[in-house]
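Encoded as C-alpha cells, the structure appears first; notes follow it.
All of these numbers come straight from a predicted model, not from anything done at the bench.
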Amino acid sequence: MYGCQQHLVESSPEVMAILEYLCTEANKLTNCGIYYCRQMLFKAGRFLSKAELDFELKNNPHFKAMRLLRNASANSLCPTNTALCN
C-alpha cells in the first residue's frame, strides 16, 4: 500500500468542471489500457510495450480527448516565440 495526502481544490465552477473532465478521461484511459494489456497477456501470453499500447489506443475516444487537452495546454503555456518549450 502507499500513502497519499488529500488536497482539496477550491476554484471556480468552470475550473472544477475542466479538472473533473480531465480526471475522468484519465481514469477511463487507464482502465482501457489495463484491460487491453490484460487481454493480450491472457490470449497471446505476452506483454505489450508502450509503443504497441500507444498504437492500439490511438483510435480510443479517451486517448483522443487526452491528446487534445495536452496539445491545448501546451499551446496555451508555450507561445511560439519562446525558447523555453523547444
Inset, instruction - Quick one: which residue pairs count as a side chain to side chain donor-acceptor pair (under 3.5 Å) with a foot in residues 8-19, not counting sequence neighbours? - result: Ser12-Glu14

Legend entry - Shortest non-hydrogen separation from Leu48 to Glu52 and the atoms involved: CA-OE1, 3.4 Å

Please table the atom pairs, donor to acceptor, closer than 3.5 Å between any side-chain atom in residues 30-44 and protein atoms at least two apart or in another chain.
unit_1: Thr30; atom_1: OG1; unit_2: Ala26; atom_2: O; d: 2.8
unit_1: Asn31; atom_1: ND2; unit_2: Asn27; atom_2: O; d: 3.4
unit_1: Tyr36; atom_1: OH; unit_2: Glu56; atom_2: OE1; d: 3.3

Inset, instruction - Could you tell me which residues satisfy side-chain contact (heavy atoms from CB on, under 4.5 Å) with Lys58, sequence neighbours excluded, listed by chain and number? - result: Phe55, Phe63

Legend entry - Inter-residue atom distance Glu25.CD - Leu29.CG, 0.5 Å rounding: 8.5 Å

